[in-house]
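Every number for a ligand or one of its atoms is a count from 1 in the order of the listing. When a residue number appears, it is its place in the shown sequence, counting from 1. Every heavy atom of this structure was used, including side-chain atoms; hydrogens, water molecules and symmetry mates were not.
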Amino acid sequence: MKFILSFLVLLGMSLNAEVKYPSSESCNECHENIYREHTASMHHKSSLFKDEVHAKVKEAVNKDTYKCAICHMPATKNLRAVMSGEKQPDPNSYRQTDGVSCFFCHQISKIYDSKAHKINFSNYKGEKKPTVFGNLKKPYESNEHESQSNEIYKNSEVCMGCHSHKQNAKGFEVCNTKNQYDKTSDCIGCHMPSTPGTIEKKDKGIRNNYASHEFLGVHSLDMVKKAVKLELAYKDEVLNLTITNKMGHSIITHPMRLKFAKTVITRDSKVVWTNFKDSPLEDKQATFIIVFKDEDGKPALPNKAIDYKLNRNLKANTSKTVTYKVPKLQKGDEIKTTWISYIVNPKIAKKLDITTKDIVKPYVGVEESLYIY
Ligand code: HEC
Ligand code: HEC
Ligand code: HEC
Ligand code: HEC
Ligand code: HEC
C-alpha cells in the first residue's frame, strides 16, 4: 500500500513538473569562466532591460510591439505574443533578461534563410537532459546535458542566424553582413579567441584553453584598435591616406555608429591643416556612416527607411586611398592621423537622450604619424 502510494505521488509529480528552460545562471555551476565572461558581454545585455541604446531605439520605433525580440531576447517563452505586442516584455522572466542566452545559442542546430532575416532552428524539445552543440572533440560526459559537435559552431554559420541581415517592414535592407560571409569567414576566430583556463570546473586536465565568450566588438578599446590599418604618404602638396579595413565585415555593420580618421598637420606645435573643421561629416572620404531617408527624403530611423541618404562604408579586407590637397610642407612638420569610433553617432545620442558615459564617449583607435625631414 505504502509502495503504491509513493509510486502514485512520484508519477503525479513527473506528470505535472514542467522541465525548466535552462537559465544562463544554471551553467555557472560547471562553466564558471565562460559564465563570468558571458555576463559582461553584449549578448547577455542584448534585451531592452540591459541595453539603454536598444531600449530607447525600441521606444522610438514602436511602443507596443517588440519584433526585435527574435534576435535580442530569443529565448522568450511565447516569443510570438511578445513580438506582436499581445504580451508585454516582463522584467521578472529570466528567459527574457538572459538576452542571447547560453542555452539559446547552444541549441541552434540549423540556420534557415528568410527574406526579412535568417531564422535559428531550435533543437530543444523540453528534454530533461537536452543536447547542447559545440565544437569540442570528445567532450566529457556531463550529468546536465548531452554534448554533440556541429559544423555550424566551427564555420561560424551559427552567428549568421542573427548577424546576417535585416529588412524593415518596407522591404528595405537596413543591415547586411551576409554578402561578405562565406564558409571561410572566421567570426569565431576573431571574436572568440582561445584563452588560458578551464572549460569546466572539474576539468580533467586535458584542456588548457577555452573559447572566450566576451564577444568583444565596438564597445572594446582593444578591438577598436584592431579595426583598421592607416598609412600616410606625402609628396608635392598631396597627402595620401590609405585606410585598410582589417575586419571580416564592413566598417559600419550597424547604422547607429560613426567611425572616421582624423588627420592633423602641425608645425612648431601649431595646427596648420586638418581634414575637417567642425564635423567629421565634412570629410566625405575618411568618414564612415550610414544615414537612411524616409519617403519625404528626410533622415529616418531604420524602421521608416526606404533608401540611403548617406552610405559611406568600406567592405571586409579592402583598402581605399584618400587624397588631400594640403599646404606645402617643410622640415619638422608632423602629419598625424587617428582612428576614432563612436558607438552611437553623437547627433543620434542627443536626439534619443542617451547618457551612459561609456556609450557616448569616443573610442580612440590606431594612430599613424609621418614627419617631414
Ligand atoms: C535579425 C536580428 C535582429 C533584429 C530583428 C533586431 N536586431 Fe538589433 N541588433 C542585431 C544585431 C546582430 C546587433 C549587433 C550589430 C552590430 O553591432 O553590428 C544589433 C544591434 C542593435 C543595436 C545597437 C546596440 C548597441 O549596443 O549600440 C540597437 C540599438 C538595436 N539593435 C535595436 C534594435 C531594435 C529597436 C530592433 C527592433 C525594432 C532590432 N534591433 C531588431 C540583430 C537584430
Ligand atoms: C554539471 C556540470 C555542467 C553543467 C551545469 C553544464 N555543463 Fe556544459 N559541459 C559539462 C562538461 C563536463 C562538459 C565537457 C567539457 C570538456 O569536455 O572539456 C560540457 C560541455 C559543454 C559544451 C561543449 C559541447 C561540445 O560538444 O562541444 C557546451 C556547449 C556546454 N557544455 C554548454 C552548457 C550550457 C549552455 C550549460 C547551461 C545551460 C551547461 N553547459 C551546463 C558540464 C556541465
Ligand atoms: C540569437 C542571436 C545572436 C546570435 C546567434 C549571435 N549574436 Fe552576436 N549579437 C546579437 C545581438 C542582438 C547583439 C547586440 C546586442 C546589443 O548591443 O544590444 C550582438 C552583438 C554582438 C557583438 C558586438 C559586441 C559589441 O561590442 O558591440 C559581437 C562581436 C557579436 N555579437 C558576435 C557574434 C558572433 C561571433 C556570433 C557567433 C558565434 C554571434 N554574435 C551570434 C545576437 C546574436
Ligand atoms: C579579422 C577579424 C574579424 C573577423 C573575421 C570578424 N570580425 Fe567582427 N569585428 C572585428 C573587430 C576588430 C571589431 C571591432 C572594431 C569595430 O567594431 O570597429 C569587430 C566588430 C564587430 C561587431 C560590432 C561592430 C559594430 O560597429 O557594432 C560585430 C557585431 C561583429 N564584429 C560581428 C562579426 C561577425 C558576425 C563576424 C563573422 C561574419 C565577424 N565579426 C568577423 C574583427 C573581426
Ligand atoms: C552567441 C552564441 C553563444 C553564446 C551566447 C554562448 N556560447 Fe558557448 N560557444 C559558442 C560557440 C560558437 C562555441 C565554439 C567556439 C569554438 O569552438 O572556438 C562555444 C563554445 C562553448 C563551450 C566549449 C568550450 C570551447 O572552448 O570550445 C562551452 C562549454 C560553452 N560554449 C558554454 C557556454 C556557456 C556556459 C555560455 C553562457 C554562460 C555560452 N556558452 C554562451 C557560442 C555561444
Check the side chains of T356 and E52 for a donor-acceptor pair under 3.5 angstrom, ignoring hydrogens and angles. yes
Within the 4.0 Å heavy-atom shell around P139, which atoms of ligand 2 are there? 17 (O), 26 (O)
What protein heavy atom sits nearest atom 11 (C) of ligand 2, and how far off is it? E200 CG, 3.6 Å
Nearest protein heavy atom with distance in Å, relative to atom 20 (C) of ligand 2: H145 CE1, 3.6 Å
hydrophobic_cluster_shared for V291 and L281, side chain cutoff 4.5 Å: yes
Any idea which protein heavy atom is nearest atom 13 (C) of ligand 4, and the distance to it? M247 SD, 3.5 Å
Considering only heavy atoms of N135, which atoms of ligand 5 have at least one such atom less than 4.0 Å away? 17 (O)
For residues E173 and K178, determine if any side-chain heavy atom of one lies less than 4.5 Å from a side-chain heavy atom of the other. yes
Per-atom filter on ligand 5: closer than 4.0 angstrom to a heavy atom of Y210 are 26 (O)
Which ligand 5 atoms are under 4.0 Å away from a heavy-atom of F215? 1 (C)
Check whether any N, O or S atom of C190, backbone or side chain, sits closer than 2.8 Å to atom 8 (Fe) of ligand 4. no
Candidate with minimal heavy-atom separation from atom 42 (C) of ligand 2, of S142, S147, A211, S26: S142
Where the closest heavy atom to atom 30 (C) of ligand 5 is concerned, which of H31, E157, H106 has it? H106
Do H106 and Y153 have ring centroids that are under 6.0 Å from one another? yes
Just checking, any donor-acceptor pair under 3.5 angstrom between side chains of S185 and Q180? no
Sub-4.0 Å heavy-atom contact, F104 with ligand 5: no
Contact check, side chains of V19 and E127, non-hydrogen atoms, under 4.5 Å: no
Which ligand 5 atoms, with their elements, are less than 4.0 angstrom from a heavy-atom of Y35? 38 (C)
Is any N or O atom of Y181, backbone or side chain, closer than 3.5 Å to an N or O atom of ligand 4? no
Could you tell me whether some N/O pair between E141 and ligand 2 is separated by less than 3.5 angstrom? no
Restricting to N/O/S atoms, is H213 within less than 2.8 Å of atom 8 (Fe) of ligand 5 or not? yes
Minimum heavy-atom distance I251-M247, with the two atoms named: CA-CE, 3.9 Å
Is it the case that ligand 4 has an N or O less than 3.5 angstrom from some N or O of H254? no
Report, in ascending order of atom number, the atoms of ligand 4 lying under 4.0 Å from any heavy atom of C187. 34 (C), 35 (C), 36 (C), 37 (C), 38 (C), 39 (C), 41 (C)
among protein heavy atoms, the one nearest atom 37 (C) of ligand 5 is C102 SG, 1.7 Å
Is the distance between the ring centroids of Y324 and Y234 under 6.0 Å? no
Determine, considering heavy atoms only, which of I188, I199, I34 sits nearest to atom 12 (C) of ligand 5. I188
Ligand 4 atoms nearer than 4.0 angstrom to some heavy atom of A227 are 15 (C), 18 (O)
Is it true that S101 lies under 4.0 Å from ligand 5, counting heavy atoms only? yes
Is there a polar contact, in the sense of an N or O pair closer than 3.5 Å, between H38 and ligand 5? no
H38-F103 aromatic ring centre distance below 6.0 Å: no
So, do N120 and F104 sit near enough that their side-chain heavy atoms are less than 4.5 Å apart? yes
Would you check the N or O atoms of H191, main chain and side chain alike, for any that come under 3.5 Å of an N or O of ligand 4? yes
Would you verify that at least one protein heavy atom lies under 4.0 Å from atom 1 (C) of ligand 4, or report that none does? yes
Which residue owns the protein heavy atom closest to atom 22 (C) of ligand 2, what's the atom, and how far is it? V132 CG2, 4.1 Å
Among K138, K201, E144, closest by any non-hydrogen atom to atom 5 (C) of ligand 2: E144
Using a 4.0 Å cutoff against the non-hydrogen atoms of V100, which atoms of ligand 5 qualify? 5 (C)
Anything under 30° is parallel, anything over 60° is perpendicular, the rest tilted; go ahead and classify Y308 against F292. parallel
Examine Y21 together with Y124 and report whether their ring centres are nearer than 6.0 Å. yes
Determine, for Y140 and K202, whether the Lys NZ or Arg CZ falls below 6.0 Å from the six-membered ring centre while staying within 45 degrees of the axis. no
Protein contact to atom 23 (C) of ligand 2 [nearest heavy atom, distance to 0.1 Å]: L136 CD1, 3.6 Å
With heavy atoms and a 4.0 Å threshold, my read on which part of Y153 contacts ligand 2 is neither
Kindly give the atom name of the N, O or S atom of H249 closest to atom 8 (Fe) of ligand 4. NE2
Is the shortest heavy-atom distance from the side chain of D307 to the side chain of F172 under 4.5 Å? yes
If the cut-off is 4.0 Å to any non-hydrogen atom of K259, which atoms of ligand 4 fall inside it? 16 (C), 17 (O), 18 (O), 25 (C), 26 (O)
Under 3.5 Å, is there a donor-acceptor pair linking the side chains of E368 and T337? no
Which heavy atom of P74 sits nearest to which heavy atom of G99, and what is that distance? CD-O, 3.6 Å
Is atom 8 (Fe) of ligand 2 less than 2.8 Å from at least one N/O/S atom of C30? no
Proximal atoms of ligand 2 relative to Q148 (non-hydrogen, under 4.0 Å): 26 (O)
Just which atoms of ligand 5 are under 4.0 Å from any heavy atom in C105? 1 (C), 2 (C), 3 (C), 4 (C), 5 (C), 43 (C)
Is it the side chain, the backbone, both or neither of P22 that has a heavy atom closer than 4.0 Å to ligand 2? side chain
In plain terms, say whether K361 and D358 are close enough for a salt bridge, that is, a side-chain N and a carboxylate O under 4.0 Å apart. yes
Considering heavy atoms of the protein only, find what lies nearest to atom 15 (C) of ligand 2 and give residue, atom and distance to 0.1 Å. Y140 CD1, 3.9 Å
Which atoms of ligand 4 have any heavy atom of G248 under 4.0 Å away? 3 (C), 4 (C), 5 (C), 6 (C), 7 (N), 43 (C)
For atom 24 (C) of ligand 4, the closest protein heavy atom turns out to be T253 OG1, 3.4 Å
Ligand 2 atoms nearer than 4.0 angstrom to some heavy atom of F133 are 29 (C)
For atom 17 (O) of ligand 2, the protein heavy atom that lies nearest, with its residue and separation: R207 NH2, 2.6 Å
For D186, the atoms of ligand 4 under 4.0 Å from one of its heavy atoms are 5 (C)
For H163, atoms of ligand 4 separated by under 4.0 Å from a heavy atom: 29 (C), 35 (C)
Output for pair (M223 CE, S220 OG), nearest 0.5 Å, gives 6.5 Å
Is C27 close enough that one of its N/O/S atoms sits under 2.8 Å from atom 8 (Fe) of ligand 2? no
Going by the order shown, which atoms of ligand 5 are within less than 4.0 Å of some heavy atom of M192? 9 (N), 10 (C), 11 (C), 12 (C), 13 (C), 19 (C)
